[in-house]
Protein chains: 2
Amino acid sequence: MADFGRLSEHLGYLLHRTELKLISRIAEALAELGVTPARATAVVFIALHEGCDQVELGHALGINRASTMKALDQLVALGAVERRPGRDRRSNALYLTPKGIEMRARIEHITETTDAANFSVLSEDEQTALRSMLQRLHDFDPRQQPEIRPLTHAVSD
Amino acid sequence: MADFGRLSEHLGYLLHRTELKLISRIAEALAELGVTPARATAVVFIALHEGCDQVELGHALGINRASTMKALDQLVALGAVERRPGRDRRSNALYLTPKGIEMRARIEHITETTDAANFSVLSEDEQTALRSMLQRLHDFDPRQQPEIRPLTHAVSD
DNA sequence: TATTGTTATACTCTATAACTATA
DNA sequence: TATAGTTATAGAGTATAACAATA
């Protein structure tokens, strides 16, 4: 890594640079299926939530309705997903096609294999500790923490 | 986080989702300076490598010459960076302006403060362990590892 | 009025390719 | 020939805004 001084020691920056490397390997491995990591995530979500609508999918992926449309159009063009009539006449119900079901199996295999290789540099105990830390970092919101106030009597506040 | 089944347990996916959250907070905090995390990284690099040329900057940022141009044009427009004549008549030497120097100080303050808040959910020991793990994950290349061969005599190979 | 899908449009970031000037 | 900067163009991914159909 290039010299970025103190930045190189920042946990946030290290996390960022590491993530870039790991996701590029996942992307490379998934390319044989014709999907990006984001599209693969959509396939997995639809598999686990058969009949969900586009709003639900978009919410899970963290993108809006218009972007969800484009992502879905790609997966429909790949023959992996189909839109069926939904719970009312406004909404679609999303389902994997047989090709999508096979794709999902291959996605899970590829991501698990790649993940295993990427993290094989860590011991089992380290991987457990890392998972715990990442879960907490993900769920933690520093803005909801109370300010630490000095234990002195302020003259005015 | 939405339900992604086994994917939610993958270290790679956890790392990815966590990184998305943390970088959005850094981006939000840096917005007051008018820079993205990537532009801020460029400012820090130029500060540490005064007189570097655009190729060196692009290499450090992991983007090509054309993209480096656009990034630099933005920083020049902000008044943070200037292009001076370089070591020969083809190349530019990049320097921070006084405004860029001040910006760099504020960038370091903001990123350190935000990082401290983001990671405050972990103990000091955990942060040390995390840093060690991220360093190793970053430097590790699973493709350069020898295949594990079974300890049997193969009939043919 | 609110929701769902859709379309058009635009913005950001990146890349490729080609050009200029220098080496 | 190779390198540094530049410019034009294109692609992927995102967003906003507006519209139609439906609730």
Side-chain angles (χ1 to χ4, degrees), chain A residues 16-17 19-21 23-24 26-28 30-31 33-43 45-46 49 51-78 80-95, chain B residues 16-17 19-21 23-24 26-28 30-31 33-43 45-46 49-78 81-95:
Chain A
H16 174 68
R17 298 285 292 212
E19 156 64 9
L20 287 182
K21 271 204 181 176
I23 199 145
S24 75
I26 296 275
E28 202 176 312
L30 287 172
L33 303 181
V35 293
T36 61
R39 298 299 160 264
T41 306
V43 169
F45 184 84
I46 293 169
H49 302 273
C52 72
D53 68 16
Q54 300 186 183
V55 169
E56 289 160 354
L57 175 63
H59 182 258
L61 298 176
I63 57 179
N64 71 8
R65 282 180 300 158
S67 301
T68 306
M69 271 293 300
K70 283 200 177 180
L72 264 177
D73 285 348
Q74 292 176 13
L75 290 174
V76 170
L78 278 174
V81 173
E82 62 181 14
R83 293 169 164 113
R84 297 188 198 161
R87 64 184 178 288
D88 61 40
R89 271 186 279 184
R90 290 175 302 181
S91 67
N92 296 329
L94 304 176
Y95 288 88
Chain B
H16 174 69
R17 298 285 294 212
E19 155 63 9
L20 286 181
K21 269 204 182 177
I23 199 146
S24 77
I26 296 275
E28 201 175 314
L30 287 172
L33 302 182
V35 292
T36 61
R39 297 299 159 269
T41 306
V43 169
F45 184 84
I46 294 169
H49 302 273
E50 285 206 310
C52 70
D53 68 15
Q54 300 185 186
V55 170
E56 289 160 354
L57 174 63
H59 181 259
L61 298 176
I63 57 180
N64 70 8
R65 282 180 299 160
S67 301
T68 305
M69 270 293 301
K70 284 202 177 180
L72 263 178
D73 285 347
Q74 292 175 14
L75 290 174
V76 170
L78 278 173
V81 173
E82 62 181 13
R83 294 170 164 111
R84 297 187 198 162
R87 66 185 177 288
D88 60 39
R89 269 187 280 184
R90 290 176 301 183
S91 66
N92 297 328
L94 304 176
Y95 287 88

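Proteins come first, then strands; the chains are lettered A, B, ... in the order of their sequence lines, and each starts at number 1.
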Problem set entry | N or O in side chain of A:Gln54 less than 4.0 angstrom from C:dT3 OP1/OP2 | no
Problem set entry | Distance, rounded to the nearest Å, where A:Ile63 contributes CD1 and C:dT4 contributes P | 16 Å
Seminar exercise, completed: Note: A:Ala60 and A:Phe45 closest approach over all heavy atoms is CB-CE1, 3.4 Å
For this session: Using a heavy-atom cut-off of under 4.0 Å over every strand shown, decide if A:Asn64 touches base, sugar-phosphate, or nothing.
Result: base
For this session: Rounded off to whole Å, could you give me the CG-to-C1' distance for the B:Asp73 and C:dC13 pair?
Result: 14 Å
Exercise. What is the distance from atom OG of A:Ser67 to atom CG of A:Leu72, rounded to the nearest 0.5 Å?
Worked result: 11.0 Å
Exercise. What is the distance from atom CG of B:Asp53 to atom CG of B:Asp88, rounded to the nearest 0.5 Å?
Worked result: 9.0 Å
Exercise. Distance check: side-chain N/O of A:Ser67 vs OP1/OP2 of D:dG13, anything under 4.0 Å?
Worked result: no
Problem set entry | Among C:dT4, D:dG5, C:dT16, the one nearest B:Ala66 by side-chain distance | C:dT16
Exercise. Going by heavy atoms closer than 4.0 Å, what residues in residues 81-95 of chain B are next to DNA chain C?
Worked result: B:Asp88, B:Arg89, B:Arg90
Problem set entry | Whole-Å distance separating the CG atom of A:Leu20 from the P atom of C:dC13 | 15 Å
Exercise. Looking just at side-chain N and O atoms, do A:Gln74 and A:Arg39 make a donor-acceptor pair shorter than 3.5 Å?
Worked result: yes
Exercise. In whole Å, what is the span from the CZ atom of B:Arg65 to the C1' atom of C:dT20?
Worked result: 12 Å
Problem set entry | Interatomic distance where CE belongs to A:Met69 and P belongs to C:dT9 [whole Å] | 16 Å
Seminar exercise, completed: Output for pair (A:Met69 CE, A:Leu57 CG), nearest 0.5 Å, gives 12.0 Å
Exercise. Do side-chain atoms of A:Thr41 reach the backbone of A:Pro37 as a donor and acceptor pair under 3.5 angstrom?
Worked result: yes
For this session: Would you indicate whether B:His59, at its atom NE2, is surrounded by more than 12 heavy atoms from other residues, nucleotides or ligands within a distance under 6.0 Å?
Result: no
Atom pairs under 3.5 Å, N or O on each side, protein against nucleotides 10-12 of chain D: can you list them with distances?
none

Exercise. Would you say A:Asn64's side chain and A:Ala66's backbone share a donor-acceptor pair under 3.5 angstrom?
Worked result: yes
For this session: Output yes when B:Glu82 and B:Arg84 qualify as a salt bridge under the 4.0 Å nitrogen-oxygen rule, no when they do not.
Result: yes
